[in-house]
Amino acid sequence: MYKYFQVIIVSLILVSCKSTEEFTGFSYDPPDVTNTTDKIIQPQARRTIGLDSPKLWISNEFEGARVNDVYAYNDSTYEVFIAPENGPINNSPWYAFKIWSDTVRMAKIRLNYLDATHRYVPKLQSWVQTDSVWKEQMQLPVQYDTATGAATFDILLAPDPVIISGQPLHTSSDLISTLTRRGVLGKPFVEIKEAGTSKLGRPVWEMEITEVDSDQVAPVLAIVSRQHPPEVTGYLASLIFLEELTAENELARKFRETFVVKVFPMLNPDGVDMGHWRHNAGGVDLNRDWENFNQPETRIVKETLEPLKDSELRQMFYAIDFHSTNENIFYPINEEVKTAPDNITQQWVGHILAENEEVEFSIEPFDTSSPIAKNWFYHTFGIDAVTYEVDDRISEEELEQVSRSAAKSLMRVLLENWDKTSVEN
């Protein structure tokens with residue numbers, strides 16, 4: 001069945017470019033979310049648990065894992081208890097665990113969350129020896145309990161371990177190999193370097209994509225991804241964007257000969273590797289820390305890009321912050337807020353809608369009062385920016401279709417606006 005457009009425009013009354021009320025959080029945020037000083041987290045105990053005889057095994061001893069305990073109801077039903085890194089926290093209950101059995105048998109797994117309801121469809125991943133990667137094989141149907149928020153699924157187990165996770169695993173140690181395998185790295189116009197380190201000392205990488213001469217005036221496109229660990233579909237969309245930006249075709253070459261692209265592909269490597277629901281190792285939502293910059297990860301972007309305000313050769317032009325939620329949705333800056341250039345997001349989204357008629361989208365403009373990434377770009381550089389959210393349950397086919405189409409139309413829109421800006425100046 002064909003999908004249909006669903007464009008929701010939320011009108012916001014602005015008396016100025018910034019709300020006069022102090023921002024304390026969105027409707028789905030927990031209390032005190034804008035207090036981004038360090039909060040205590042509860043690291044999960046890393047262990048492998050064996051239950052019953054013959055044994056069923058569950059392990060969280062790998063990067064990205066999240067399991068806090070396991071209980072056996074009987075010889076075929078097991079409850080997996082999932083708790084967040086700290087609370088209160090947004091409803092993003094991430095889980096990932098290895099599971100196997102000494103004998104081949106069916107088991108019923110119940111996912112039970114602390115103060116949360118089920119969100120991510122279980123994905124079964126098996127080890128591909130030739131590629132040395134865990135690869136998703138299938139999504140597992142669940143029975144959802146509306147009273148408790150738990151979810152139950154059946155699985156055939158064997159002595160070979162499989163991983164069950166809320167989304168495909170993409171951890172910080174996989175980033176460089178993933179970018180290389182996708183053909184993004186290894187090209188003369190792509191550089192990657194360690195821009196700084198996370199709370200726990202993991203690299204926070206910065207990529208630059210350009211064929212602009214060092215003495216040439218050029219606009220800058222900034223891309224940020226993976227502030228929230230479980231938001232993998234947004235991360236995968238950003239990787240497809242990078243593939244298109246580094247492609248060997250006329251549009252991409254023209255874009256690289258005009259623009260400089262600055263990319264922070266995984267801003268929260270600690271949270272990703274620790275299996276966090278939402279926060280970094282400081283127990284903080286990074287996308288509420290773009291005003292006080294209490295956390296090292298957001299400070300890295302600030303300290304890397306803020307000097308461009310005084311650059312004669314590099315002009316910040318547009319920014320995208322990739323996320324995931326329960327729908328495909330764009331959060332642009334409200335049209336009444338004047339940016340330079342103005343309303344790029346609205347221009348771009350028009351192309352995305354026209355080129356993907358079977359895909360459902362929503363659009364919700366907001367003012368610039370909240371301490372999130374896109375608003376920092378506006379307040380610091382006066383530019384337009386967008387929070388680009390990808391549906392948690394998007395199919396691989398739709399993800400490819402929309403992301404490639406959107407990346408190409410973005411390049412065209414930005415080139416047109418840069419040409420217009422150059423003429424006006």
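Because the structure is predicted, anything quoted here is derived from the model rather than measured.
- At distances below 3.5 Å, not a single donor-acceptor pair connects side-chain atoms of Asp321 with backbone N or O atoms of Ala373.
- Between the side chains of Thr148 and Asn112, no donor-acceptor pair is found at a separation under 3.5 Å.
- Glu360 places no side-chain N or O within donor-acceptor distance of the main-chain N or O of Glu327, the cut-off being under 3.5 Å.
- The two atoms that bring Phe330 and Ile352 nearest to each other are CZ-CD1, 3.7 Å, heavy atoms only.
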*Between Gln295 and Thr36, is a side chain to side chain donor-acceptor pair (under 3.5 Å) present by the stated rule, with each step listed?*
CA-CA 7 Å; Gln295 299 303 311; Thr36 58; 5.6 Å; no
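- Using bins of under 30°, 30° to 60° and over 60° for the plane-to-plane angle, the ring pair Tyr95/Phe97 lands in the tilted bin.
- When each of Leu56, Asn60, Asp69 is paired with Ile49, the side-chain contact (heavy atoms from CB on, under 4.5 Å) condition holds for Asp69 and for no other.
- Side-chain atoms of Thr380 do not come within 3.5 Å of backbone N or O of Phe377 as any donor-acceptor pair.
- Thr325 and Glu389 form no side-chain donor-acceptor contact under 3.5 Å, judged by distance and modelled atom types alone.
- Between the side chains of Ser165 and Gln125, a donor-acceptor pair is found at a separation under 3.5 Å.
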*What do the steps show when you test Arg256 against Ile209 for side chain to side chain contact (heavy atoms under 4.5 Å, CB included), and what is the final call?*
CA-CA 7 Å; Arg256 292 191 300 268; Ile209 303 168; 3.8 Å; yes
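- Take Glu297 and apply the side chain to side chain donor-acceptor pair (under 3.5 Å) test, not counting sequence neighbours, and it matches Asn280.
- For the pairing with Trp418, the ring-ring contact (aromatic ring centres under 6.0 Å, His included) check across Phe317, Tyr318, Phe255 returns one residue only, Phe317.
- The aromatic rings of Phe322 and Tyr388 sit tilted, their planes meeting at an angle between 30° and 60°.
- Using cut-offs of 30° and 60° on the angle between ring planes, the pair Trp376 and Trp290 is tilted.
- Distance alone, capped at 3.5 Å, places no donor-acceptor pair between the Asp392 side chain and the Thr233 backbone.
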*Hey, mind stepping through Thr339 and Asp384 against side chain to side chain donor-acceptor pair (under 3.5 Å) and telling me if it holds?*
CA-CA 5 Å; Thr339 61; Asp384 196 9; 4.5 Å; no
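- Between Asp102 and Lys55, none of the side-chain N atoms (NZ, or NE/NH1/NH2) sits under 4.0 Å from a carboxylate O, so this pair counts as no salt bridge.
- Legend: residues meeting side chain to side chain donor-acceptor pair (under 3.5 Å) with Lys262, ordered by chain and number and at least two apart, are Glu206, Glu208.
- In this structure Asp115 satisfies the side chain to side chain donor-acceptor pair (under 3.5 Å) test with no other residue, sequence neighbours excluded.
- Judged purely by atom type and a 3.5 angstrom limit, Asn90 has no side-chain atom pairing as donor or acceptor with the backbone of Ser92.
- Val67 and Ala96 make their closest contact through CG2-O, 4.1 Å (heavy atoms, listed as atom of the first residue, atom of the second, distance).
- For the side-chain contact (heavy atoms from CB on, under 4.5 Å) test, residues two or more places apart in sequence or in another chain that qualify with Arg393 are Val121, Asp391.
- Classified by interplanar angle (parallel below 30°, tilted 30° to 60°, perpendicular above 60°), the ring pair Trp348/Phe241 is perpendicular.
- The side chain to side chain donor-acceptor pair (under 3.5 Å) test applied to Ser172 returns Asp273, not counting sequence neighbours.
- Annotation for Gln42: atom CD does not count as buried by contact number, only 12 or fewer foreign heavy atoms lying within 6.0 Å.
- A side-chain donor-acceptor contact under 3.5 Å links Asn417 to the backbone of Val413.
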_Verdict with supporting geometry, Arg278 and Glu231, salt bridge (Lys or Arg N to Asp or Glu O under 4.0 Å)_ = CA-CA 9 Å; Arg278 179 85 170 183; Glu231 298 183 8; 3.6 Å; yes
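- Between atom CG of residue Leu245 and atom OG of residue Ser238 there is a gap of 10.5 Å, rounded to the nearest 0.5 Å.
- Here the closest non-hydrogen pair linking Glu306 and Phe381 is CA-CZ, 4.1 Å.
- Looking at residues two or more places apart in sequence or on another chain, you find no ring pair (Phe, Tyr, Trp, His ring centres under 6.0 Å) involving Trp277.
- Using modelled atom types, one side-chain atom of Asn268 and one backbone atom of Gly271 make a donor-acceptor pair closer than 3.5 Å.
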*Just do the side chain to side chain donor-acceptor pair (under 3.5 Å) check on Ser177 and Asp174 with the steps written out, would you?*
CA-CA 6 Å; Ser177 60; Asp174 300 326; 4.8 Å; no
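- For the side-chain contact (heavy atoms from CB on, under 4.5 Å) test, residues two or more places apart in sequence or in another chain that qualify with Ser101 are Thr103, Arg105, Leu157.
- When all heavy atoms are compared, the tightest approach of Val204 to Ser198 is CG2-N, 3.9 Å.
- With sequence neighbours left out, Asp342 forms a salt bridge (charged side-chain N to carboxylate O under 4.0 Å, His left out) with Lys338.
- With Thr246 contributing its side chain and Glu243 its backbone, the two residues share a donor-acceptor pair below 3.5 Å.
- A donor and an acceptor atom, one from each side chain of Asn328 and Glu398, are nowhere located under 3.5 Å apart.
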*Please lay out, stage by stage, how Glu396 and Lys123 fare under the test salt bridge (Lys or Arg N to Asp or Glu O under 4.0 Å).*
CA-CA 13 Å; Glu396 289 185 16; Lys123 281 84 176 173; over 6 Å; no
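- Heavy atoms only, all atoms of each residue included: Phe26 and Phe23 are closest at N-CZ, 3.5 Å.
- No side-chain donor-acceptor contact under 3.5 Å links Asp145 to the backbone of Gly149.
- Shown here are the ring pair (Phe, Tyr, Trp, His ring centres under 6.0 Å) partners of Tyr331, two or more places apart in sequence or in another chain: Phe366.
- Judged purely by atom type and a 3.5 angstrom limit, Arg299 uses its side chain to pair as donor or acceptor with the backbone of Phe293.
- Lys39 pairs by the side-chain contact (heavy atoms from CB on, under 4.5 Å) definition with Asp32, Asn35, Asn86, Val284, not counting sequence neighbours.
- When all heavy atoms are compared, the tightest approach of Pro265 to Met207 is CG-SD, 4.4 Å.
- In this structure Leu114 satisfies the side-chain contact (heavy atoms from CB on, under 4.5 Å) test together with Phe81, Ala83, Pro84, sequence neighbours excluded.
- Side-chain contact annotation: Gln227 with Asp285, donor-acceptor N/O pair under 3.5 Å absent.
- Legend: residues meeting salt bridge (charged side-chain N to carboxylate O under 4.0 Å, His left out) with Arg181, ordered by chain and number and at least two apart, are absent.
- Ile240 is listed as a side-chain neighbour of Arg182, based on a closest heavy-atom distance under 4.5 Å.
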